[in-house]
Amino acid sequence: QFYFPEEQTAAKDASQEESESIPEYTAEEEREDNRLWRTVVIGEQEQRIDMKVIEPYKKVISHGGYYGDGLNAIIVFAACFLPDSSRTDYNYVMENLFLYVISTLELMVAEDYMIVYLNGATPRRRMPGLGWMKKCYQMIDRRLRKNLKSFIIVHPSWFIRTILAVTRPFISSKFSSKIQYVNTLAELREMIPMEYVHIPDSIVK
């Protein structure tokens with residue numbers, strides 16, 4: 001007797017339901033679980049990322065194309081997509097988002113790169129804390145630190161300027177020299193190709 005794949009699957013499911021009182025961990029459930037959790041290696045340590053909890057915040061980091069010759073990537077970090085600190089599970093979300101940002105950065109960067117940090121339209125309660133930023137800097141692989149050519153902060157607020165002033169003692173002078181402040185999107189367009197840089201509507205407004 002021959003079955004089409006759909007019929008075969010249905011027949012298999014039916015026979016399983018009849019013969020088993022304890023539900024089995026199916027291949028579909030395993031695939032779903034793999035979608036909900038991502039295993040990454042950061043600093044030679046294996047980490048698991050809760051992809052479900054960070055799903056609404058994945059837009060925080062994106063690829064903005066390339067600049068110059070070769071594979072010099074533009075990485076866009078939009079702070080307006082960060083979670084609100086009033087969330088009861090805020091620390092858990094930020095911990096997983098941190099792992100996601102670091103692992104995504106490693107995947108996106110082949111050679112030299114720049115980070116464009118979009119600070120506009122970000123209320124204070126969504127600003128990343130000093131500890132989170134310090135941890136990001138410390139966990140970034142040496143290759144990524146070395147290959148970072150500039151860190152452009154667009155629409156810098158007094159708060160972000162203060163945070164960066166406070167962090168100077170634990171970041172290298174070489175890294176500090178890469179930080180640039182840009183006050184308008186027009187000014188940013190004069191510095192980098194904007195064809196693939198996604199600027200959220202809230203920042204444009």
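One-based numbering along the sequence shown.
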Quick check: do [X] and [Y] have side-chain heavy atoms less than 4.5 Å from each other?
X      : Y      : result
Tyr117 : Val154 : no
Val40  : Glu46  : no
Lys135 : Phe98  : yes
Leu97  : Leu82  : yes
Lys134 : Gln138 : yes
Trp37  : Asp50  : yes
Asp112 : Tyr67  : yes

Grouping I, L, V, M, F, W and Y whenever their side-chain heavy atoms are under 4.5 Å apart, do [X] and [Y] come out in a common cluster?
X      : Y      : result
Ile140 : Leu148 : yes
Leu164 : Leu118 : no
Leu144 : Val41  : no
Phe81  : Val76  : no
Tyr57  : Val116 : no

Mind checking the [atom1]-[atom2] spacing from [X] to [Y]? Nearest 0.5 Å is all I need.
X      : Y      : atom1 : atom2 : answer
Ile160 : Asn119 : CD1   : CG    : 5.0 Å
Ser176 : Lys178 : OG    : NZ    : 10.0 Å
Ile152 : Phe77  : CD1   : CZ    : 15.5 Å
Leu36  : Arg48  : CG    : CZ    : 9.5 Å
Ile171 : Met133 : CD1   : CE    : 9.0 Å
Ile49  : Ile42  : CD1   : CD1   : 6.0 Å

Please list, one pair per line, the donor and acceptor atoms closer than 3.5 Å that link side chains of residues 124-131 to other protein atoms, with sequence neighbours excluded.
{"from": "Arg125", "atom 1": "NE", "to": "Asp84", "atom 2": "OD2", "distance (Å)": "2.4"}
{"from": "Arg126", "atom 1": "NH1", "to": "Cys80", "atom 2": "O", "distance (Å)": "3.0"}

Who pairs with [X] by ring pair (Phe, Tyr, Trp, His ring centres under 6.0 Å), at least two apart in sequence or on another chain?
X      : value
Tyr66  : His63
Tyr137 : Phe175
Tyr92  : none

Extract all donor-acceptor atom pairs below 3.5 Å that involve side chains of residues 102-110 and protein atoms in other chains or at least two apart in sequence.
{"from": "Ser103", "atom 1": "OG", "to": "Leu99", "atom 2": "O", "distance (Å)": "2.9"}
{"from": "Ser103", "atom 1": "OG", "to": "Tyr100", "atom 2": "O", "distance (Å)": "3.1"}
{"from": "Thr104", "atom 1": "OG1", "to": "Tyr100", "atom 2": "O", "distance (Å)": "2.6"}

(request) Kindly check if the number of other-residue, nucleotide or ligand heavy atoms within 6.0 Å of NZ (Lys59) is above 12? (result) no

With a 3.5 Å cut-off and sequence neighbours excluded, list the donor-acceptor pairs that the side chains of residues 179-205 form with protein atoms.
{"from": "Thr184", "atom 1": "OG1", "to": "Glu187", "atom 2": "N", "distance (Å)": "3.0"}
{"from": "Glu187", "atom 1": "OE1", "to": "Asn183", "atom 2": "N", "distance (Å)": "3.3"}

(request) Verify side chain to side chain contact (heavy atoms under 4.5 Å, CB included) between Asn96 and Arg38, making sure each step is shown before the conclusion. (result) CA-CA 10 Å; Asn96 282 277; Arg38 179 186 293 176; over 6 Å; no

(message) Minimum heavy-atom separation for Arg145 and Tyr113, please, with both atom names.
(response) N-OH, 4.4 Å

